[in-house]
Amino acid sequence: MTITRRQFGTLAAATPLAGFVHVATARADGHSPSAPAMVDMPLGSFRITAILDGIAPLGRGFFFGDEGAIDAVAEASGLGEVLPAPVSAFLLQSADQTILIDAGMGGLELLGPGFGRLAAALAAAGVGEADIDAVIVTHMHPDHVGGLLGASGAAFSNAELIVAEAEHGFWTNASMRAQAPAEAQGLFDLAGGVLSAYDGRITLASDEEEIVPGVTLMVSPGHTMGHSLLRIDGGDQALLMVADTLHSADVHTALPDTGFGFDTDPTLASQSRRRVFDMAAADKMLIAGSHIHFPGFGRIRVDGEAYRYAPATWM
């Protein structure tokens, strides 16, 4: 199955909030999700675990710009009309807090079946939904917030929801929703449903604000207007969570100005991408990303006028 930009938008618009269901170990069609895929590692005073929620079979049409160059990179990378994109969430644990960074698709099937593995992964890690102290939302697209909704509202009953002020402001702006194409308005409804479920437990963060000890939020607009990075400083080790700065480790490093179908402002997204890549490469920073080859840990290297992604190897 290949998902196209148009299909994704149409599905998002057509999916009512009533259809959002709690992630369970057994799906409604009787099939159980695969065993959870998880990779954890120490990060100074933290421990971070990458959790694969599913794989999005994105169609080539999601990526646009220099079409010939995109096709050439896809072919050289062994890809074709389908550019598979992992959808990952991350569990960040310290001695004092248990934090979830994004929550995957949950029970939504906007990108097809095979998602909703987060709950099983947390259980395998010995973490109950009530153990999550905070959920940091990098941005409010379905593959990052769908898992925040349960059968009766919030999936994480004790969690504080932390989101950038700019991101919150965009998705709650009635004028912005009215200006959006009809196929995108369902995305606003989903964001509103998530915020309603966590009403009274939402913290709005500013750019460059330390939102929990050792974790600083940095707004990097373009993909969404409040799309956020997280600088995680564990003392002797640090990491930059780049979220959706890139949707293909192959295409977006070789061709950083390539647009993506769900960028709110593709030009601004490419500017932010180059800025993040330059910073990560200059500082030789370890990065993690939501859609990078699982588990999504690696580094960005300068490669002429473009970049390349070097996956990290862990013992």
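P311 is linked by a side chain to side chain contact (heavy atoms under 4.5 Å, CB included) to Y309, counting only residues two or more places apart in sequence or in another chain. For the side-chain hydrogen bond (donor to acceptor under 3.5 Å, both in side chains) test, no residue two or more places apart in sequence or in another chain qualifies with E75. Partners of R47 under the salt bridge (charged side-chain N to carboxylate O under 4.0 Å, His left out) rule, at least two apart in sequence or in another chain, are D40. Scored by the salt bridge (charged side-chain N to carboxylate O under 4.0 Å, His left out) test, R308 finds no partners at all (sequence neighbours excluded). Partners of D71 according to the side-chain hydrogen bond (donor to acceptor under 3.5 Å, both in side chains) rule, which considers only residues two or more places apart in sequence or in another chain, are R60. For E208, the side-chain hydrogen bond (donor to acceptor under 3.5 Å, both in side chains) partners two or more places apart in sequence, or in a different chain, are R231. Listed by chain and residue number, nothing satisfies the side-chain hydrogen bond (donor to acceptor under 3.5 Å, both in side chains) test with S196 (two or more places apart in sequence, or in another chain).
Each ring-ring contact (aromatic ring centres under 6.0 Å, His included) pair with one or both residues in residues 266-289, not counting sequence neighbours, appears once here: F277-Y307. Pairs passing the salt bridge (charged side-chain N to carboxylate O under 4.0 Å, His left out) check and including a residue from residues 121-142, sequence neighbours excluded, do not occur.
Checked by atom type, the side-chain pair R275/S272 shows a donor-acceptor distance below 3.5 Å.
No donor-acceptor distance shorter than 3.5 angstrom exists from the side chain of H227 to the backbone of G222, with no hydrogens or angles considered.
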Side-chain atoms of residues 259-266: list all donor-acceptor pairs with protein atoms under 3.5 Å, sequence neighbours left out, distances to 0.1 Å.
| residue | atom | partner | partner atom | Å |
| --- | --- | --- | --- | --- |
| D263 | OD1 | H223 | ND1 | 2.8 |
| D263 | OD2 | F260 | N | 3.1 |
| T264 | OG1 | H223 | O | 3.1 |
| D265 | OD1 | T267 | N | 3.2 |
| D265 | OD1 | L268 | N | 3.0 |

Table please: side-chain donor-acceptor pairs of residues 144-153 below 3.5 Å, with sequence neighbours left out.
| residue | atom | partner | partner atom | Å |
| --- | --- | --- | --- | --- |
| H144 | ND1 | D102 | OD2 | 2.8 |
| H144 | NE2 | H139 | NE2 | 3.4 |
| H144 | NE2 | D244 | OD1 | 3.1 |
| H144 | NE2 | D244 | OD2 | 3.2 |

Just distance, no hydrogens or angles: give the donor-acceptor pairs under 3.5 Å from side chains in residues 85-95, sequence neighbours left out.
| residue | atom | partner | partner atom | Å |
| --- | --- | --- | --- | --- |
| S94 | OG | D96 | N | 3.2 |
| S94 | OG | Q97 | N | 3.0 |

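Atom CD1 of I136 is separated from atom CE of M241 by 9.0 Å, given to the nearest 0.5 angstrom. One distance of note links CD1 of I70 with OG1 of T258; it measures 4.0 Å at 0.5 Å rounding.
The side-chain heavy atoms of H168 and L195, taken from C-beta on, include a pair separated by under 4.5 Å.
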